[in-house]
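Before any comments, here is the structure.
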There are 2 protein chains.
Amino acid sequence: MEHSEVKAIYNKYIREKNLRDTKQREFIIEEFLSSKKHITVEELHGQLEKRTGNIGIATIYRTLKVMCECGLANEIKLGREKARYEQSFGYEHHDHLICEKCGKFIEAKDERIEKLQKELVKKYGFSPRAHKLEIYGLCSACKQKRRKDG
Amino acid sequence: MEHSEVKAIYNKYIREKNLRDTKQREFIIEEFLSSKKHITVEELHGQLEKRTGNIGIATIYRTLKVMCECGLANEIKLGREKARYEQSFGYEHHDHLICEKCGKFIEAKDERIEKLQKELVKKYGFSPRAHKLEIYGLCSACKQKRRKDG
DNA sequence: CAATTACTGATAATGATTATCAATACCATT
DNA sequence: AATGGTATTGATAATCATTATCAGTAATTG
């Protein structure tokens with residue numbers, strides 16, 4: 001669990017793009033990789049404040065953008081909420097079931113849906129680059145709670 | 001093509017909610033129903049400026065919110081772009097293929113995907129309220145153009 | 001018609017994200 | 001190790017879609 005593979009990809013990317021290796025980015029990436037999935041910039045900023053002292057929030061935005069560019073993170077934007085970021089290395093594409101009560105993200109996957117999507121775009125001569133399936137509703141825990149609360 | 005069904009639903013809704021029937025809302029709804037799909041507030045505002053004189057942009061936001069509440073419109077939000085609204089009366093649920101070059105929205109639909117989504121949520125004990133499938137890429141026209149341009 | 005209260009429109013406020021910019025840090029080269 | 005070129009940082013100003021505010025207006029009810 002040393003994140004060496006992710007860091008190797010990151011290092012390769014910054015070399016290719018003539019970016020520089022900085023302490024701040026290392027701290028941010030380390031913290032990002034060690035955190036819960038679907039973290040916000042604000043949350044990361046708070047965690048870094050405690051562990052490594054202040055790092056400008058703009059730098060966190062910038063670093064996560066780089067992580068997305070090199071395919072190591074995904075940005076998830078829902079409606080008007082602030083963006084969340086998830087690791088993408090070692091994770092396959094998945095859909096999100098999003099609980100509108102507690103905010104939980106459930107990651108789900110169905111090979112058959114993926115396959116049908118490929119058929120769908122083909123029908124329209126469309127070349128897909130990425131796709132996103134989000135299902136909004138109530139998770140089972142919140143459903144039960146609601147039943148009790150009335 | 002007089003939109004009478006939509007207006008009936010709208011009228012029923014405002015009566016139930018003790019809202020009032022105003023000229024501005026009538027103009028906005030008429031214009032919305034007569035416009036292209038996937039319109040922005042700004043675009044609607046511009047069109048109304050010409051046809052019916054100025055209507056405050058806040059009023060357009062408010063009216064579209066009401067339309068969404070009574071199930072006559074859907075809000076579509078992509079990333080950081082401004083929201084777009086589509087009519088939902090008389091239209092079935094559909095997915096969107098979104099061209100990242102020209103911005104075109106293609107509406108697509110696959111009953112089998114819908115069905116698999118229902119199975120998927122069941123597996124997780126999740127109660128869906130709504131869902132959204134968006135596929136980003138290049139439409140066929142832009143693909144061909146890109147081929148020519150190099 | 002009068003009273004009540006929702007609505008309007010101008011505009012201020014909000015809030016996440018991005019741009020700016022002077023100071024600093026990285027890194028290849030000498 | 002010093003130097004120069006330039007990417008990076010952090011503070012903060014700017015942006016921009018959307019929402020809140022509020023005084024004046026207009027719809028509805030009795």
Side-chain angles (χ1 to χ4, degrees), chain A residues 7 10-32 38-49 51-70 73-85 103, chain B residues 7 10-32 38-49 51-70 73-85 103:
Chain A
K7 287 180 181 169
Y10 167 74
N11 285 326
K12 182 163 181 287
Y13 183 79
I14 62 171
R15 259 180 277 122
E16 282 169 0
K17 295 280 181 182
N18 273 322
L19 307 182
R20 288 177 186 172
D21 192 21
T22 68
K23 286 190 219 69
Q24 286 90 339
R25 284 192 185 144
E26 279 184 24
F27 286 139
I28 294 167
I29 292 171
E30 187 62 49
E31 192 68 32
F32 174 61
H38 311 127
I39 197 166
T40 64
V41 166
E42 198 183 18
E43 288 166 347
L44 255 182
H45 186 240
Q47 290 179 196
L48 284 162
E49 188 93 50
R51 292 215 195 166
T52 60
N54 182 61
I55 290 182
I57 200 159
T59 299
I60 299 173
Y61 275 103
R62 288 184 284 234
T63 301
L64 286 174
K65 181 178 264 183
V66 172
M67 293 292 277
C68 288
E69 284 165 7
C70 64
N74 288 324
E75 186 189 55
I76 304 169
K77 273 199 72 67
L78 303 180
R80 327 188 133 59
E81 292 172 36
K82 54 190 76 167
R84 292 183 174 275
Y85 295 84
Chain B
K7 286 181 181 168
Y10 168 73
N11 285 326
K12 183 164 181 287
Y13 183 80
I14 63 171
R15 259 180 277 123
E16 282 168 1
K17 295 280 181 182
N18 275 320
L19 307 181
R20 288 178 184 169
D21 192 21
T22 67
K23 288 191 218 67
Q24 287 89 338
R25 284 191 185 145
E26 279 184 24
F27 287 139
I28 293 166
I29 292 171
E30 187 60 51
E31 190 68 31
F32 174 61
H38 312 128
I39 197 167
T40 65
V41 167
E42 197 183 19
E43 288 166 347
L44 256 181
H45 186 241
Q47 291 179 197
L48 285 162
E49 187 93 52
R51 292 215 195 169
T52 60
N54 182 61
I55 291 182
I57 200 159
T59 299
I60 299 172
Y61 275 104
R62 289 184 284 234
T63 301
L64 286 174
K65 182 179 264 183
V66 172
M67 292 293 277
C68 288
E69 283 165 7
C70 64
N74 287 325
E75 187 190 55
I76 304 168
K77 272 199 72 66
L78 302 181
R80 326 188 135 59
E81 292 172 36
K82 54 189 76 167
R84 293 182 173 275
Y85 295 85

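Computed from heavy atoms alone, side chains included, the values below leave out hydrogens, waters and symmetry copies. Protein chains get the first letters and strands the later ones, always in sequence-line order, with residue 1 at the start of each.
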- Electrostatic pair B:Lys7-B:Glu30, nearest N-O below 4.0 angstrom: yes
- Query: Does a side-chain heavy-atom distance below 4.5 Å link A:Lys77 with B:Lys77?
  - Reply: no
- Query: Which part of the nucleic acid, if any, lies within reach of A:Lys77 when heavy atoms closer than 4.0 Å are counted: base, sugar-phosphate only, or nothing?
  - Reply: sugar-phosphate
- Task: To the nearest Å, give me how far apart CD1 (B:Ile29) and P (C:dC7) are.
- Result: 12 Å
- To the nearest angstrom, the CG-C1' distance between B:Asn18 and C:dT4 comes to 12 Å
- Item | Of A:Thr59 and B:Lys65, the one whose closest DNA chain D nucleotide lies more 5' | A:Thr59
- Give a yes/no on whether any side-chain N or O of A:Lys23 is located under 4.0 angstrom from OP1 or OP2 of D:dT8. no
- Message: Taking the minimum atom-to-atom distance to the side chain of B:Lys82, which one of C:dG9, C:dA16, D:dT18 wins?
- Response: D:dT18
For nucleotides 28-30 of chain D, print each protein N/O atom paired with a nucleotide N/O atom at under 3.5 Å, atom names and distance only.
from: D:dT28; atom 1: OP1; to: B:Asp21; atom 2: N; distance (Å): 3.2

- Item | From B:Thr59 atom OG1 to B:His45 atom NE2, the distance as rounded to the nearest 0.5 Å | 8.5 Å
- Task: Specify the separation, in whole Å, of atom NE2 of A:His45 and atom P of C:dA16.
- Result: 13 Å
- When the distance from CD of B:Glu43 to P of D:dA17 is rounded to whole Å, what number comes out? 12 Å
- Message: Please find the pair of heavy atoms, one from A:Thr40 and one from A:Lys82, that lie closest to each other, and give the distance.
- Response: CG2-CG, 3.9 Å
- Query: For A:Arg62, which contact category applies under a 4.0 Å heavy-atom criterion: base, sugar-phosphate, or nothing?
  - Reply: base
- Message: Measure CD/A:Glu42 against C1'/C:dT14 and give the value in whole Å, please.
- Response: 14 Å
- To the nearest 0.5 Å, what is the distance between CD (A:Gln24) and CZ (A:Arg62)? 9.5 Å
- Between D:dA17 atom C1' and B:Leu78 atom CG, what is the distance in whole Å? 14 Å
- Query: OH of B:Tyr61 versus C1' of C:dT14: gap in Å, rounded?
  - Reply: 13 Å
- Looking at B:Leu64, B:Ile60, B:Asn74, which one forms a side chain to side chain contact (heavy atoms under 4.5 Å, CB included) with B:Tyr85? B:Leu64
- Starting from P on D:dA17, measure out to CD on B:Glu75 and report it in whole angstrom. 14 Å
- Task: Establish, with yes or no, whether the OP1 or OP2 oxygen of D:dC16 is under 4.0 angstrom from a side-chain nitrogen or oxygen of B:Arg80.
- Result: no
- Contact class for A:Ile57 vs. all strands (heavy atom < 4.0 Å): base, sugar-phosphate, or nothing? nothing
- Message: At less than 4.0 Å, is any side-chain N or O atom of A:Gln24 found next to OP1 or OP2 of D:dG10? Yes or no.
- Response: yes
- Look at B:Asn54 and C:dA10 and indicate whether a side-chain polar atom (N or O) is within less than 4.0 Å of OP1 or OP2. yes
- Message: Tell me whether the count of non-hydrogen atoms from other residues, nucleotides or ligands lying under 6.0 Å of CD in A:Glu42 goes above 12.
- Response: no
